[in-house]
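Accompanying notes for the structure given below.
Residue numbers begin at 1 in each chain, while the letters A, B, ... track the order of the sequences. What you see is a predicted model; the values in this text were computed from it and never measured.
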Protein chains: 2
Amino acid sequence: MHSAEELSKVLKVLADPTRLTMLKQMQDGEQCACSFVDCFDISQPAISRHLKMMRQAGLLLERRDKQWIHYRLNETSPFYSIVVELLNRVETLEASCDCDAECAI
Amino acid sequence: MHSAEELSKVLKVLADPTRLTMLKQMQDGEQCACSFVDCFDISQPAISRHLKMMRQAGLLLERRDKQWIHYRLNETSPFYSIVVELLNRVETLEASCDCDAECAI
DNA sequence: AGGTTATATAACGGTTTTGTTATACAATAG
DNA sequence: CTATTGTATAACAAAACCGTTATATAACCT
């Protein structure tokens, strides 16, 4: 149970097609930040800020591996179940762009 | 099943504490527009625009009764189940401000 | 150390959001 | 018809959003 204030803050984070798509990809498992840079037609700093926003909302966890940072859904977030419910209603992506193997921007 | 674009548009509409609270009130049944004006500390035009936004997103239906317009959740919206799932996670309001009896702004 | 790769931050600009006040429109009431 | 009540729209301002480019930081590799 959340206040309208709390929930609306999280919904604002979710209410963006790029972030929704990023989250959807993370439903399949951890994603390297660089894979998002590959997937979307926006700059690396834009990707970085989307990730920061989701991290600050508590929706993401990160794991550093050498120079790469891998992001995954935070299953312990009080909003995790909402995120999953919403993502389950989002169509899967046409192009799967997984560059975790090489991670070369 | 929706595209990330579609869903994010609806989430933008839901991602506001005033609108979430208005929707929550409509879960208890039809609400006169004037009751919202009473309930919230924002101007009547602001309320009107919130209602318009939700109407345009297909989330609301309206019924005119004399000079009063009553709004209710559109149960046939493709997003209705999402709305309900989200509203069920929103705390019920402390003050119930139902002014349907008199409707005097 | 010096170069390369991955990520984050800063500074800026255009667009969107959300409120305001003033005004218009619609329906009722006298 | 005129006044009142309920609702919507117009015009504006402050703040937030989301992109950009330039730059900084962090880690790796020779």
Under 4.0 Å between a side-chain N/O of [X] and OP1 or OP2 of [N], yes or no?
X     : N      : result
B:R64 : D:dT7  : no
A:K12 : C:dT18 : yes
A:S43 : D:dT20 : yes
B:H50 : C:dT17 : no

**OP:** Grab the CD1-P distance between B:I69 and C:dC25 for me, whole Å please.
**Re:**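 Rounded to the whole Å, the gap is 16 Å.
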
Subject >> Positive for side chain to side chain contact (heavy atoms under 4.5 Å, CB included) with B:M22, one of B:I47, B:D16, B:L60 >> reply: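 Between B:M22 and the candidates, side chain to side chain contact (heavy atoms under 4.5 Å, CB included) is satisfied uniquely by B:I47.
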
**OP:** Report whether A:I69 and A:L23 are members of the same hydrophobic cluster (ILVMFWY, side-chain heavy atoms less than 4.5 Å apart, transitive linking).
**Re:**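 Both belong to a single hydrophobic cluster.
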
Subject >> Most 5' of A:T18 and B:Q67 on DNA chain D, judged by nearest nucleotide >> reply: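 Looking at the nearest nucleotide for each, B:Q67 comes out on the 5' side.
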
Subject >> First of A:D16 and B:Y71 reached from the 5' end of DNA chain D, by closest nucleotide >> reply: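 It is B:Y71, whose closest nucleotide lies nearer the 5' terminus.
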
Subject >> Options D:dA8, D:dC18, D:dA27, nucleotide nearest the side-chain atoms of A:R19 >> reply: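 Of all the options, the side chain of A:R19 is nearest to D:dC18.
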
Original post:
Any ion pair linking B:R89 and A:E85 (charged N to carboxylate O, less than 4.0 Å)?
Top reply: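 Counted as a salt bridge, because a side-chain N and a carboxylate O are separated by less than 4.0 Å.
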
**OP:** Let me know, please, whether A:R49 or A:E62 comes out on the 5' side of the other along DNA chain C by nearest nucleotide.
**Re:**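 It is A:E62 whose nearest nucleotide is closer to the 5' end.
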
Original post:
Does the A:S77 side chain pair with the main chain of A:N74, one donor and one acceptor, at a distance under 3.5 Å?
Top reply: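 Flag not set: sc A:S77 to bb A:N74 has no pair under 3.5 Å.
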
